[in-house]
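Accompanying notes for the structure given below.
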Amino acid sequence: MNYWLMKSEPDVFGIDDLERVGVEPWDGVRNYQARNFMRDEMKVGDKIFFYHSNCKEPGVVGIAEVASKPYPDPTQFDPDSKYHDPKSDPDDPRWMLVDVKYKRHTKRTIPLREIKDHGDALEGLQLIKRGNRLSVMPIDKQHWDYILGMEKSWNL
DNA sequence: GCCAACGTTGGC
DNA sequence: GCCAACGTTGGC
């Protein structure tokens, strides 16, 4: 069992949207490192922190789960999609994705601000490394448990 | 809206 | 293969 964090902008597709649709193909990822995680390492049933980025209060807002094996991102072949990639060969697709399934909202938003305040316990967490821009990243089990524990504690 | 950090592109 | 230019991410 692997643990992940996936970012999404709530203005575009937030945790409420995921709850509404239930399962969502995680399309539009155009970063090789993030793709490699989805293509090579994700397994059905892996746990995901759903993270809101680029918004008023960035942080973990929910739990999701990997719901499919990797398969080619259809938007790469769609000329009308903003994710269209004319250089991708249909016989050897460049971009792969997995389906993501809603599990639940966290009891509260666990803000990035607060996660950073626990930097000692969360040493090595990619999310709080300098200049981090990865939209899909692995999380150590111990970090997963620690952050999950924060959803119930309102004091720092 | 600003801007630092980072990935990608393309000329050479 | 180098690296400057450019575009994007994402916190603040």
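Computed from a predicted model, the values in this text were never measured in an experiment. Per chain, numbering begins at 1; letters A, B, ... match sequence-line order.
Evaluation of the side-chain hydrogen bond (donor to acceptor under 3.5 Å, both in side chains) test over residues 48-59 of chain A, restricted to residues two or more places apart or in two chains, returns A/E9-A/N54.
Looking at heavy atoms from C-beta onward, A/I48 lies out of side-chain contact with A/K103 at the 4.5 angstrom threshold.
Of the options A/M42, A/M38, A/E65, a side chain to side chain contact (heavy atoms under 4.5 Å, CB included) to A/W4 is made by A/M42 and by none of the others.
Residues forming a side-chain hydrogen bond (donor to acceptor under 3.5 Å, both in side chains) with A/S135 (at least two apart in sequence, or on another chain): none.
If you find the closest nucleotide of DNA chain B to A/R94 and to A/R130, the one lying nearer the 5' end belongs to A/R130.
When all heavy atoms of A/S8 and A/F13 are compared, the closest pair comes out as OG-O, 2.5 Å.
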Query raised in the report: Where along nucleotides 6-11 of chain C does protein come under 4.0 Å, by heavy atom, of base (B) or sugar-phosphate alone (S), with - for untouched nucleotides?
Result: -BBBBB

